[in-house]
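Values below: all heavy atoms of this structure, side chains included; hydrogens, waters and symmetry mates excluded.
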Amino acid sequence: MQLAGGLGLFLFGMKLMGDGLEMVAGSKLRGMIERLTKNKYMGALVGLVVTAVIQSSSATTVMVVGFVNAGLMNLAQAVGVIMGANIGTTITGQILRLGDLENNQSLGTAMEFITPTYLAPMLAIIGIIIILIAKKDSIRAVGDIGMGLGILFTGMLSLTDAVKPLSELEAFRNLFASLENPILGILAGTVVTALIQSSSASIGILQAVSATGVLKFAAAFPIIMGQNIGTCSTSILSSVGASKNAKRTAMVHFYFNFIGTVLFLICVYILKALDLIPMWNDTMDMGSIANFHTLFNIIVTVVFIPFHKVLEKLAIMTIR
């Protein structure tokens with residue numbers, strides 16, 4: 001129950017924070033997407049910025065599918081934005097890595113105030129005060145951001161506390177040992193992300209699990225790969241009943257994540273076979289999960305930008 005409640009708070013906090021950020025940015029976000037996506041590199045930058053602001057690559061992709069469906073953007077413009085959105089979604093994991101500070105015994109008294117234990121109530125209090133006294137919606141939105149961050153960190157702490165005792169169970173350790181199988185790991189990451197409709201949230205859950213000390217790089221790697229595939233479910237669902245080009249946009253998102261995952265998977269296992277990955281059996285913490293997630297999405301985006309036409313052609317071949 002604590003695990004379910006923690007996940008509920010985490011998802012609600014992320015939603016509240018994202019809505020607040022979107023409100024503060026106003027219609028400028030939509031205008032920016034429409035105007036600045038003529039160039040694929042600018043499109044990727046726009047996708048990164050917008051997703052970092054609204055804290056959801058799924059929301060950005062759904063927005064782009066809507067623009068293509070309405071004729072405000074063509075398929076070529078959408079490709080760059082989708083690529084950038086995959087990098088922007090890693091910001092949440094980088095915020096949540098503050099959870100590593102909880103177990104850092106060398107922190108000074110002043111530094112303890114940036115740990116989630118202190119940040120969660122402080123941000124929630126500041127947020128609710130702003131919400132109660134503010135007259136303008138735009139200022140209340142700032143309160144929503146603070147309140148959302150506070151709730152998000154509270155949910156994260158609850159998730160971490162709920163999974164910590166599981167580390168003593170042999171079955172729990174065996175479960176994560178089995179996920180070192182790349183097929184099972186990718187499948188687990190895909191299913192969980194598709195169910196909760198958020199790769200940021202599933203990365204947060206993985207970061208909470210890392211606090212148990214049972215999560216090795218060998219298991220975390222395929223799970224993170226699967227999470228990138230699972231996040232495509234939202235855009236595919238949003239394209240149901242839409243125009244052909246909107247459906248193609250959703251397929252670009254899927255092919256980008258699927259092909260990127262397969263290529264990255266092959267490269268990593270080749271390096272492992274050559275014994276060039278020394279951290280393969282190392283235990284992952286919140287920071288290393290966040291870093292790997294960010295690194296993966298940056299590398300895949302950089303590799304795919306020159307081949308954006310290939311993604312377009314694959315999407316057109318799939319949706320004729």
Side-chain angles (χ1 to χ4, degrees), residues 6-25 29 47-60 84-104 107 110-128 130 141-163 192-193 196-211 215 220 223-224 227-228 231 284-298:
L7 179 59
L9 285 172
F10 183 88
L11 292 171
F12 177 65
M14 186 180 292
K15 176 77 165 60
L16 189 60
M17 179 178 65
D19 288 348
L21 285 162
E22 192 171 359
M23 177 71 77
V24 169
L29 285 176
L48 190 160
V49 171
V50 171
T51 306
V53 168
I54 63 177
Q55 292 289 295
S56 173
S57 61
S58 298
T60 302
N86 271 45
I87 300 175
T89 195
T90 65
I91 299 296
T92 308
Q94 295 294 345
I95 293 171
L96 293 174
R97 71 181 301 161
L98 289 172
D100 280 337
L101 298 176
E102 295 286 345
N103 300 317
N104 193 332
L107 286 178
M111 288 293 289
E112 285 183 6
F113 285 99
I114 64 169
T115 61
T117 300
Y118 286 93
L119 273 178
M122 280 196 298
L123 289 167
I125 290 166
I126 293 168
I128 196 63
I130 293 172
V142 175
D144 286 344
I145 296 169
M147 193 72 183
L149 263 172
I151 294 171
L152 183 144
F153 278 128
T154 301
M156 188 67 187
L157 289 168
S158 183
L159 272 173
T160 304
D161 288 342
V163 296
V192 170
T193 307
I196 60 179
Q197 296 284 291
S198 172
S199 61
S200 297
S202 60
I203 284 290
I205 294 169
L206 195 64
Q207 286 176 303
V209 169
S210 72
L215 186 64
I223 294 171
I224 292 171
Q227 288 168 337
N228 278 274
T231 193
M284 299 283 274
D285 57 18
M286 292 181 178
S288 55
I289 290 171
N291 289 340
F292 179 75
H293 188 218
T294 302
L295 182 68
F296 164 73
N297 282 291
I298 289 174

Spatial distance of atom CD1 (Ile91) from atom CG (Leu48) [nearest 0.5 Å]: 6.5 Å
To the closest 0.5 Å, what do you measure between CG (Leu11) and CG (Leu7)? 4.5 Å
Distance-minimising heavy-atom pair for Phe10 and Ala201: CE2-CA, 3.3 Å
As an exercise, state the distance from CG of Leu123 to OH of Tyr118, rounded to the nearest 0.5 Å. 14.5 Å
For the residue pair Ser199 / Thr193, report whether a side-chain donor-acceptor contact shorter than 3.5 Å exists. no
Is there a side-chain contact between Leu159 and Gln207, using heavy atoms and a 4.5 Å cut-off? no
Determine the minimum heavy-atom distance between Met286 and Met156, stating which atoms define it. CE-CE, 3.6 Å
Out of curiosity, Phe12 CZ to Thr154 OG1, how far, rounded to the nearest 0.5 Å? 12.0 Å
What one should report as the nearest heavy-atom pair of Gly20 and Asp144 is CA-CB, 4.0 Å
How many angstroms lie between atom CG of Leu96 and atom CD1 of Ile205, to the nearest 0.5 angstrom? 11.0 Å
Which heavy-atom pair separates Ile203 from Gly93 by the least distance, and what is that distance? CG2-CA, 4.4 Å
Please check this pair: side chain of Thr89 against backbone of Asn86, looking for a donor-acceptor N/O pair closer than 3.5 Å. no
Taking side chain as C-beta onward, heavy atoms only, is Asn291 less than 4.5 Å from Gln94? yes
Do you know the tightest heavy-atom contact between Val192 and Ser202? CG1-CB, 4.3 Å
Check whether the side chains of Asp285 and Ser288 place a donor and an acceptor atom closer than 3.5 Å, and report yes or no. yes
Which atom pair, heavy atoms only, marks the closest approach of Leu16 to Gly148? CD2-N, 3.7 Å
Decide yes or no for Leu149 and Ile95: does some side-chain heavy atom of the first lie under 4.5 Å from some side-chain heavy atom of the second? yes
Nearest-0.5 Å distance that lies between atom CD1 in Ile289 and atom CD in Gln227: 8.5 Å
